[in-house]
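Beneath this line is the structure, given in C-alpha cells, with notes to follow.
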Amino acid sequence: MEERYGKSESLAAGELDIPPMQAPEITDYSCDVLVIGCGWAGLNAAYAARKTGADVLVVDKGTPGYSGLSSFSSSHQWYDPEMGDDLQACLDEMVMANEYLANIGWYQEWAKHSKETYQRLMDWGLLTQYPTGSESGHWVDGDWRHDDLRGYHEEFLYADRRNRWSEILTENGIPYVPQTMIYDVIEENKKVVGAVGFHVPTATMIRFSAKAVVMCMGGGSIKPTGFPTSCDTFDSDWIGYQHGLPIVGKEFDDFHFSASFAPDNVLTCNSWTYLENIWLTGGDISNETLLGRAQGEAQNLILPRIESATKGLADYHRTDLQPSSGRGKSRLGVFEDPRKGKWTSDLPKGDTYGAAVGMQLHLGCGIFCGIDDLEGKTTLEGLWVAGDGCNGSCVSGGSYLAATGFTSNFCSTQGYLAGEAAGKFVSGREGTRIQEETWMNYQKEILEPLGKEKGFNPSWACDRLHAIMSPAWVTIVKTEESLMHTLGLVKSFQREVLPLLRARDAHELRLCHEMQHKALCAEMKLRASLERKESRGYHYRADYPYRDDAYLCYFTITKDGDDMRFDRVELKEEWKGDVNMPYQERYRTFRFPGEQQAKNLPEDPSIPSGGWSPMKAFSISEDPKGGE
C-alpha cells in the first residue's frame with residue numbers, strides 16, 4: 001500500500017525517478033491529551049496540558065510551525081495595564097467597531113491573560129525582533145521593485161521563528177506526529193476516545209486513543225488566490241458538524257486581498273510582511289481614538305471591497321505606493337512600550353478583495369461552545385476547540401475592526417486555556433482504546449476514493465467549486481437571488497461530483513476528503529448569509545443594506561438528519577450597546593451603499609460612505625425593515 005499510494009500513477013514511466021515514500025513505523029498511539037493542529041493555539045494548548053502533568057501528543061497535517069496560517073502571522077497585540085492601557089476604552093471599541101456582535105466575555109478573558117501570553121511567546125523566541133528590510137540594506141532606496149528578498153531571508157534565517165515550534169515541543173517533552181491528516185474524532189457513549197487519520201504521503205492509517213482531544217485545526221478557504229491559506233480546509237467544521245456540534249459565524253467573510261496584476265503571486269502583496277518580524281502592536285486604543293480607528297479600518301477594509309465589487313477596479317499604478325504608517329503603534333506616550341506598530345518597509349498593496357474564497361472572519365467562525373464558555377469546552381465530553389476558524393468564539397463580532405495583531409495573541413491565549421482545562425479533565429481518568437470494529441470501518445471509509453477506477457479529480461473539483469463561490473455577488477455583495485442561485489449550484493455539485501471523487505495517490509486522497517469539507521462549508525456560508533437579512537460588518541446584503549438590531553444574535557448551524565438546523569443565540573444585553581440610541585448616532589463607523597437612502601438618514605460628511613452601487617441587480621428591497 002505504502003509504495004502504490006505514495007507515488008503518483010499519473011507520471012509516465014521513467015519520467016521522474018521518485019523513491020517511494022516510507023510509511024511511519026508507529027500507527028497506533030495512546031495518550032492522555034491529543035492536540036490536533038499545531039499553530040498558535042495548538043502549541044499553547046499542548047504546553048498547557050503538559051504543565052498539568054498530562055501525557056500529551058500533537059498531530060499536525062503538515063509540520064509544526066509551517067502549516068496553517070500561524071507561519072504567516074505579521075503582528076501581535078496584547079493588553080498591558082502597566083503601560084497605561086484603558087480597559088474600558090478597549091471594551092467600548094470592541095462593542096462599537098465590531099458592530100455590537102463581539103463576545104465581550106471572551107475579550108475580557110483575553111485581556112486578563114494576554115500579557116502573560118506575550119511574555120511566554122517572547123521567552124520562546126517567537127517574537128524576537130531583528131532588523132527590518134529597510135534597516136538591513138536589502139530594501140533599496142524605498143523602491144520595492146529592486147528589493148532583495150532572497151538576501152534578506154538568508155541573512156536572518158537564524159531568526160526564523162518557524163523552526164522554534166518543533167523545538168519548543170521537544171524541550172517540553174511533547175512528541176508530535178507530522179504530515180498526518182485527522183479524518184474524524186471518535187465518539188463512544190457520547191464521549192471522545194480519540195481520533196483516526198492517515199499519513200498524508202503514504203495513506204497509511206493511524207489510530208490515536210486519548211482521554212481528551214483539543215482540536216486546533218484552523219479555518220479554511222475554498223481556494224486561495226494570492227493569499228497563503230492553502231493548508232486551511234475546514235476540517236474541524238466538518239468534524240464538529242458530523243458530531244452534532246453547532247457551527248457559527250459563516251455569514252461573515254474574510255477581508256484579505258491580492259493584486260489584480262499578479263493574482264496568484266503571494267509574494268507580491270505579502271513579501272516583506274512574512275520575512276520580517278512579527279510586529280508588536282497595541283496601546284493605540286483610547287477614548288480619543290475610538291471612533292477614528294473604527295472609521296479608518298472601515299475605509300481600508302470594508303468599503304473598498306464593496307466598491308471594487310460593484311464599480312470595478314481603478315487603474316492600478318504599481319509606482320503609487322505609500323510608505324507604511326506603522327499601523328497598531330502605541331499612542332500612550334510611554335517610551336518603554338515595545339509596541340511600535342506594524343510594517344516599516346514599503347509594500348505593494350493589493351486591490352482585489354476576496355483573495356481567500358470561503359475564508360471566514362478571523363475568530364468569528366467555528367464550533368460554538370456556548371455564550372458563557374471561556375475555555376473552548378464543547379458539549380461532547382472530552383472535546384475542546386481553540387483557535388482561529390476552529391472555536392467560534394465570536395470575539396471579533398462581525399468586522400474585526402479593533403484588532404491589529406489580535407489573532408496571534410488571542411489564539412495563543414485561547415489554546416492555553418483549552419489545553420489547561422483538558423489536562424485537568426484527564427487527571428485520574430481511565431483511558432479507552434478505540435474499538436477494533438470502529439477502526440476497521442473507518443479504514444474502509446477513509447481509503448474508499450483510492451479504490452475507484454473512474455471518477456473526478458479533486459483538484460478539478462476544487463476549481464469548479466471555486467468558480468461557483470468566487471464571484472463578488474456571492475461573497476461580497478449578496479442578495480436573496482444570488483445566494484439562492486448559488487446554493488442550487490452547490491447542492492448540484494454535492495450531489496453530482498462529491499460521490500465520484502477519485503484519488504490516484506495519497507496526496508489526492510487528502511484532497512478528496514478536503515473537498516467534502518469545502519463543499520459543506522460553502523453550503524453553510526450561503527445559508528447563513530440568507531438567514532441574516534441585514535448588513536453588518538463583513539456581511540453586506542444589497543437587498544437589506546442597513547443594520548437591523550433585530551439581528552443582534554449569533555446564528556448557529558447544526559446537523560439535523562439530512563438537514564441543516566438554524567438556531568438563534570441571543571446576545572447579552574450589555575454587549576449590545578445602547579439600542580435606544582438614534583440610528584444615525586449608534587452607527588457612525590461607516591455607511592453601506594444604499595444605507596442612507598433605505599433608512600432616510602441625513603447627510604453626514606463625518607461618516608465614511610460607500611455610496612450607491614450602479615449595478616441594477618443589487619437594488620434594495622422596496623420596503624426596508626425599520627426605515628426611519
Side-chain angles (χ1 to χ4, degrees), residues 39-40 62-76 121 124-167 221 223-232 254-281 300-301 316-329 338 340-356 359 404-405 407-408:
W40 291 114
T63 302
Y66 287 90
S67 59
L69 281 179
S70 294
S71 55
F72 304 103
S73 300
S74 60
S75 54
H76 188 84
L121 301 180
W124 282 346
L126 299 180
L127 301 177
T128 301
Q129 302 294 288
Y130 49 93
T132 67
S134 57
E135 294 167 341
S136 67
H138 293 284
W139 174 59
V140 183
D141 297 328
D143 188 347
W144 66 272
R145 293 169 297 182
H146 300 101
D147 55 19
D148 178 20
L149 298 178
R150 182 183 296 275
Y152 180 80
H153 171 70
E154 292 176 351
E155 180 176 352
F156 297 103
L157 188 60
Y158 72 88
D160 190 341
R161 59 188 174 272
R162 300 159 186 86
N163 295 322
R164 284 289 296 147
W165 252 259
S166 57
E167 294 173 351
S221 66
K223 187 179 180 181
T225 305
F227 193 71
T229 57
S230 57
C231 292
D232 280 16
D254 176 64
F255 53 86
H256 288 94
F257 48 61
S258 59
S260 59
F261 59 85
D264 290 320
N265 188 346
V266 70
L267 282 178
T268 301
C269 293
N270 303 301
S271 56
W272 287 114
T273 308
Y274 299 144
L275 289 170
E276 294 184 334
N277 306 286
I278 292 181
W279 311 119
L280 305 181
T281 63
N300 288 328
L301 298 178
Y316 189 83
H317 302 291
R318 295 174 62 178
T319 57
D320 294 345
L321 301 175
Q322 300 299 319
S324 168
S325 60
R327 183 160 57 98
K329 179 179 180 180
K340 305 303 181 186
K342 180 178 181 179
W343 296 341
T344 57
S345 298
D346 280 353
L347 285 166
K349 302 300 189 293
D351 60 342
T352 305
Y353 290 81
M359 187 176 175
T404 303
T407 301
S408 57

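Residue numbers start at 1 and run along the sequence shown. None of the values given here were measured: they were computed from a predicted structure.
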Note to self: As an exercise, state the distance from CG of Leu69 to NE2 of His256, rounded to the nearest 0.5 Å.
What the structure shows: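 So the gap between those two atoms works out to 8.0 Å.
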Check: Roughly how far apart are His138 NE2 and Glu155 CD, rounded to 0.5 Å?
Finding: 4.0 Å
Verify, without hydrogens or angle tests, whether [X] (side chain) and [Y] (backbone) share a donor-acceptor contact under 3.5 angstrom.
{"X": "Glu154", "Y": "Gly151", "answer": "no"}
{"X": "Thr63", "Y": "Tyr66", "answer": "no"}
{"X": "Asp160", "Y": "Arg162", "answer": "yes"}
{"X": "Ser408", "Y": "Ser75", "answer": "yes"}
{"X": "Gln129", "Y": "Leu127", "answer": "yes"}
{"X": "Ser71", "Y": "Ser67", "answer": "no"}
{"X": "Glu276", "Y": "Gly133", "answer": "yes"}

Item checked: Results of side-chain contact (heavy atoms from CB on, under 4.5 Å) for Ser70 - residues two or more places apart only -> Trp40, Trp165
Notebook entry, point to check: Where do Ser136 and Tyr130 land on the side chain to side chain contact (heavy atoms under 4.5 Å, CB included) test, with the steps shown first?
Noted result: CA-CA 9 Å; Ser136 67; Tyr130 49 93; over 6 Å; no
[X] versus [Y], closest heavy-atom pair with distance:
{"X": "Ala356", "Y": "Asp254", "answer": "CB-OD2, 4.2 Å"}
{"X": "Thr128", "Y": "Asn277", "answer": "O-OD1, 3.5 Å"}
{"X": "Pro224", "Y": "Thr229", "answer": "CB-OG1, 3.2 Å"}
{"X": "Thr132", "Y": "Trp279", "answer": "CG2-CH2, 3.3 Å"}
{"X": "Ala355", "Y": "Ser258", "answer": "CB-N, 3.8 Å"}
{"X": "Asn163", "Y": "Leu157", "answer": "ND2-O, 4.4 Å"}

Next item on the list: Consider only side-chain N and O atoms of Lys342 and Thr404, and report whether a donor and an acceptor are under 3.5 Å apart.
Entry: no
Margin query: Quick check: do Arg161 and Leu121 have side-chain heavy atoms less than 4.5 Å from each other?
Written below: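 In short, these two side chains do not touch, never coming nearer than 4.5 Å.
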Next item on the list: Indicate the ring-plane relationship of Phe257 and Tyr353, choosing parallel, tilted or perpendicular according to the 30° and 60° boundaries.
Entry: perpendicular
